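Inspection log for the structure reproduced underneath, given as structure tokens.
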Amino acid sequence: MTGLPDFGVLLARLASHRQWDIADLSTSAEIPEPELRAVYEGMAPRPSLLRRLAPVLNLHAADLFVIADVPVPDELAPLDARARGLVAGLVKDAVGLPAEHRRQLIQLARSLPQESRTEPVRTPPVYERFKRGPGGVLMRMVGNRNLTWTGIAHTFLILTGRYWSAATYGGVGNGRKELTPDLLTDFATVLGVPVDTLSVLTGVDIPDDPPPPNPAAVDAAELMWDVRRLTVDQVRQVADAARVVPGA
């Protein structure tokens, strides 16, 4: 599987998966039905439409931009590329904490002030510019989490128990490595996106009754998303808090 249908086809699949027709989606997202119908028929979606659709589809807006093959706006991109080297370590420390302390970390990340961007949005190197295919879209969504190339492999290991090299994940992005149901489930865990949603998007079948995600992994994926908007110093502050032994 090397390509993906146009966004309109994927949008129709996502709506159908939720048993919505176009009128239901129009009402829920407060988007005029004619505009949605035009997107269904192949018109490129406007950024404002993607922003309205994202919460209705239970997706982050930045991820929906990737799915639609529309450039992610600067204000939705990770804030500070210098923080990329801290994220995998933060995830490792967070999953070892009791649930109450994981939630405290998430609240800390959300409480920190949103700083202004001081550097341009990171330009991915050539090997990260994946073509529009199932694996490419998933890897570009992982890129929205502000992970280093090595950090991707480590984060998958921490949250799923499976280790592949960073180059292997690159092969998934480039379509050289098969996107299996197990691997799709791993992506769902790391991305914090329901696996059935990813199945609808990629066309990769999954078992009818997949196991529920691990609560620690759910919290870690949420934390990873929240710290992407922080500066390197703020992420370091959250990472320091994660290393404080509860009750010590």
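Quantities reported herein were computed from a predicted structural model and do not represent experimental measurements.
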inquiry  = Is there a continuous path of hydrophobic side-chain contacts, each under 4.5 Å between heavy atoms, that joins M43 to I31?
reply    = yes

task = Before accepting this row, confirm whether a basic side-chain N of the pair R52/E35 lies closer than 4.0 Å to the acidic partner's carboxylate O.
result = no

ask   = Is there a donor-acceptor pair under 3.5 Å between the side chain of R18 and the backbone N or O of L14?
value = yes

G151 versus L147, closest heavy-atom pair with distance = O-CD2, 4.1 Å

message = Once rounded to the nearest 0.5 Å, what's the spacing between atom CD of E100 and atom CZ of R103?
response = 11.5 Å

ask   = Are V121 and F130 connected in a single hydrophobic cluster, I mean Ile/Leu/Val/Met/Phe/Trp/Tyr linked by side-chain heavy atoms less than 4.5 Å apart?
value = no

ask   = Y169 vs F187 aromatic rings, parallel, tilted or perpendicular, using cut-offs 30° and 60°?
value = perpendicular

task = Identify the two heavy atoms, one from V95 and one from A220, that lie closest to each other, and give their separation to 0.1 Å.
result = CG1-CB, 3.8 Å

key: Whether R236 side chain and L86 backbone form a donor-acceptor pair below 3.5 Å   = no

query = Under the 3.5 angstrom rule, does the side chain of Q234 hit a backbone N or O of T231 as a donor-acceptor pair?
reply = yes

request  = Check for a donor-acceptor pair, side chain of D21 on one end and backbone N or O of D24 on the other, with a separation under 3.5 Å.
outcome  = yes

task = Please check if the side chain of R229 supplies one atom and the backbone of R110 the other of a donor-acceptor pair under 3.5 Å.
result = yes

Name every donor-acceptor pair, under 3.5 Å, that has one atom in a side chain of residues 56-69 and the other anywhere in the protein, sequence neighbours excluded.
unit_1: H60; atom_1: ND1; unit_2: W225; atom_2: NE1; d: 3.3
unit_1: D63; atom_1: OD1; unit_2: N144; atom_2: ND2; d: 2.9
unit_1: D63; atom_1: OD1; unit_2: R145; atom_2: NH1; d: 2.7
unit_1: D63; atom_1: OD2; unit_2: R145; atom_2: NH1; d: 3.0
unit_1: D63; atom_1: OD2; unit_2: R145; atom_2: NH2; d: 2.9
unit_1: D69; atom_1: OD1; unit_2: R140; atom_2: NH1; d: 3.4

query = Is the backbone N or O of A81 less than 3.5 Å from a side-chain atom of R122, with the two atoms forming a donor-acceptor pair by type?
reply = no

ask   = Can you tell me how far the CD1 atom of I206 sits from the OG atom of S199, to the nearest 0.5 Å?
value = 4.5 Å

request  = Decide, yes or no, whether a salt bridge links E41 with R37 under the criterion of side-chain N to carboxylate O below 4.0 Å.
outcome  = no

message = Checking the side chain of E33 only, and the main-chain atoms of I22 only, is there a donor and an acceptor separated by less than 3.5 Å?
response = no

query = Would one find more than 12 heavy atoms of other residues, nucleotides or ligands at under 6.0 Å from atom CD of Q19?
reply = no

inquiry  = Please enumerate all residues that pass side-chain hydrogen bond (donor to acceptor under 3.5 Å, both in side chains) together with D80, with sequence neighbours excluded.
reply    = R82

Tabulate below the donor-acceptor pairs under 3.5 Å that side-chain atoms of residues 70-79 make, not counting sequence neighbours, or state none.
unit_1: E75; atom_1: OE2; unit_2: R51; atom_2: NH2; d: 2.4

message = If we check side chain to side chain contact (heavy atoms under 4.5 Å, CB included) with L138, which of these qualifies: L183, V190, V204, L179?
response = L179

remark   = Of all heavy-atom pairs linking H154 and A88, the shortest is CB-CB, 4.3 Å

key: Shared hydrophobic cluster for W164 and V142 (ILVMFWY, side-chain gaps under 4.5 Å)   = yes

Heavy-atom pair of closest approach, residues R13 and L201 = NH1-O, 3.8 Å

